[in-house]
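Dropping the structure in here first, questions after.
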Amino acid sequence: MSNRILVAYFSASGTTARAAKAIAQAVGGDLYEIRPAVPYTAADLDWTNKKSRSSVEMNDPACRPAIAAPVENMDQYDTVFLGFPIWWYVEPRIVDTFLESHALAGKRVIPFATSGGSGIDGATRSLQSHCPQAKWVQGQVLHGNPAAWAKRVLAG
């Protein structure tokens with residue numbers, strides 16, 4: 001195996017992006033932003049509004065927001081760190097789009113999340129259900145030093 005590492009992430013406010021960049025630097029991984037084809041506005045992200053785009057998406061388990069551009073040459077990676085904010089106790093639907101549109105079977109996938117208070121357990125179950133062929137590693141909601149966590153989890 002090549003042991004090439006991809007750090008794929010979706011970030012709505014920049015918090016997950018900062019963690020993903022620190023992880024990519026720490027593990028020598030390539031960075032890929034899961035960008036929506038139609039960017040989110042502040043109004044789209046207003047979770048207190050039941051009619052906002054994020055609320056509508058999260059209330060529809062079948063929703064798959066389009067991604068702006070796929071990962072090129074996904075087959076070159078054998079480990080994927082997958083980062084996202086916790087929305088409604090799980091990953092945002094665009095992360096499901098990523099999982100279902102990229103060949104991750106047999107790859108080691110390590111989720112990491114940012115959250116104001118929710119844990120990662122609901123997201124872990126959801127992620128595994130969308131991509132059961134991946135080799136899932138226990139993920140974590142990151143607080144503090146994402147680089148140190150990433151190095152620990154890679155070392156096993």
Side-chain angles (χ1 to χ4, degrees), residues 1-40 45 53-54 57-115 118-143 145-156:
M1 279 196 145
S2 65
N3 203 26
R4 293 279 317 266
I5 299 170
L6 177 68
V7 180
Y9 70 95
F10 167 70
S11 186
S13 67
T15 303
T16 306
R18 285 188 292 279
K21 289 172 184 172
I23 289 169
Q25 185 173 19
V27 301
D30 294 336
L31 200 58
Y32 166 78
E33 181 180 3
I34 302 169
R35 288 183 306 109
V38 177
Y40 289 95
L45 298 172
R53 179 176 163 197
S54 61
E57 288 176 1
M58 293 308 292
N59 282 317
D60 178 4
C63 181
R64 296 296 179 270
I67 293 175
V71 174
E72 293 187 22
N73 302 315
M74 179 59 101
D75 58 341
Q76 71 181 313
Y77 301 105
D78 53 32
T79 298
V80 178
F81 281 88
L82 179 61
F84 51 89
I86 300 285
W87 286 5
W88 288 261
Y89 305 103
V90 295
E91 74 283 356
R93 301 290 182 222
I94 195 165
V95 174
D96 298 337
T97 304
F98 172 82
L99 290 173
E100 294 171 2
S101 61
H102 290 85
L104 298 173
K107 296 184 186 303
R108 181 168 58 157
V109 181
I110 307 165
F112 66 94
T114 55
S115 173
S118 299
I120 199 168
D121 292 344
T124 298
R125 287 188 296 276
S126 177
L127 293 166
Q128 291 173 353
S129 74
H130 291 293
C131 190
Q133 312 85 358
K135 297 175 186 172
W136 290 95
V137 174
Q138 178 59 47
Q140 185 168 320
V141 172
L142 297 180
H143 303 285
N145 189 338
W149 169 80
K151 287 178 180 177
R152 268 195 322 275
V153 76
L154 271 185

> Is a side-chain donor or acceptor of Trp136 paired with a backbone partner of Cys131 at a separation under 3.5 angstrom?
Replying inline: yes
> Do Gln140 and Phe112 pass the side-chain contact (heavy atoms from CB on, under 4.5 Å) test, and can you show the C-alpha distance, the side-chain angles, and the key distance before you say yes or no?
Replying inline: CA-CA 5 Å; Gln140 185 168 320; Phe112 66 94; 5.8 Å; no
> Are side-chain heavy atoms of Thr16 and Phe10 found at a separation under 4.5 Å?
Replying inline: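 Sidechains of Phe10 and Thr16: no contact.
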> Which atom pair, heavy atoms only, marks the closest approach of Gly119 to Val141?
Replying inline: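 Shortest heavy-atom separation between Gly119 and Val141 comes out as C-CG2, 3.8 Å.
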>> Do Ile34 and Leu82 make a side-chain contact, defined as non-hydrogen atoms from C-beta onward lying under 4.5 Å apart?
In response: yes
> For the side chain to side chain contact (heavy atoms under 4.5 Å, CB included) test, which of Ile110, Asp30, Ile23, Leu154 pairs with Ile5?
Replying inline: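 By the side chain to side chain contact (heavy atoms under 4.5 Å, CB included) criterion, Ile5 pairs with just one of Ile110, Asp30, Ile23, Leu154: Leu154.
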> Does the side chain of Val71 reach to within under 4.5 Å of the side chain of Phe98, using non-hydrogen atoms?
Replying inline: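 Val71 vs Phe98: side chains touch.
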> Do Arg18 and Thr114 have side chains that get closer than 4.5 Å, going by heavy atoms?
Replying inline: no
>> Would you compute the distance between atom CD of Glu91 and atom CE of Met58 and round it to the nearest 0.5 angstrom?
In response: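 Reported to 0.5 Å precision, the distance equals 7.0 Å.
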> Can you check whether Trp87 reaches Leu45 side chain to side chain, under 4.5 Å on heavy atoms?
Replying inline: yes
> Rounded to the nearest 0.5 Å, what separation is found between the NZ atom of Lys21 and the CD atom of Glu33?
Replying inline: 7.5 Å
> Are any non-hydrogen side-chain atoms of Glu57 and Asp96 less than 4.5 angstrom apart?
Replying inline: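 Contact flag for Glu57/Asp96 side chains = no.
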>> Atom CD of residue position Glu100 - does it have more than 12 heavy atoms of other residues, nucleotides or ligands inside 6.0 Å?
In response: yes
> So how far is it from Phe81 CZ to Leu6 CG, rounded to the nearest 0.5 Å?
Replying inline: 10.5 Å
> Roughly how far, to the nearest 0.5 Å, is NE2 of His130 from CG of Leu104?
Replying inline: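 With rounding to 0.5 Å, CG (Leu104) is 13.0 Å from NE2 (His130).
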>> Can you give me the closest heavy-atom contact between Pro111 and Trp149, atom names plus distance?
In response: O-CH2, 3.8 Å
> Any sub-3.5 Å donor-acceptor pair from Ser101's side-chain atoms to Thr97's backbone N or O?
Replying inline: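 Pair found, side chain donor or acceptor close to backbone of Thr97.
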> Taking all non-hydrogen atoms of both residues, which atom of Ser126 and which atom of Ser129 are closest, and how far apart?
Replying inline: O-OG, 2.7 Å
>> Looking at every heavy atom in both Leu31 and Ala20, which two are closest together, and how far apart are they?
In response: CD1-O, 3.7 Å
> Looking only at heavy atoms, which two atoms of Ala147 and Ala22 are closest? And how far apart?
Replying inline: CB-O, 3.9 Å
>> Using a 3.5 Å distance criterion without hydrogens, assess whether the side chain of His102 forms a donor-acceptor pair with backbone atoms of Met74.
In response: no
> Can you find a pair of side-chain heavy atoms, one from Arg93 and one from Pro61, that are under 4.5 Å apart?
Replying inline: yes
> Do you know which two heavy atoms are closest between Arg53 and Pro36, and how far apart they sit?
Replying inline: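 Closest approach of Arg53 to Pro36, heavy atoms only: NH2-CB, 4.0 Å.
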>> When you compare the side chain of Val109 with that of Leu127, does any pair of heavy atoms fall below 4.5 Å?
In response: no
> If you round to the nearest 0.5 Å, how far is NE2 of His143 from CG of Asn145?
Replying inline: 13.5 Å
>> Distance check, rounded to the nearest 0.5 Å: Gln138 atom CD versus Ile120 atom CD1?
In response: 7.0 Å
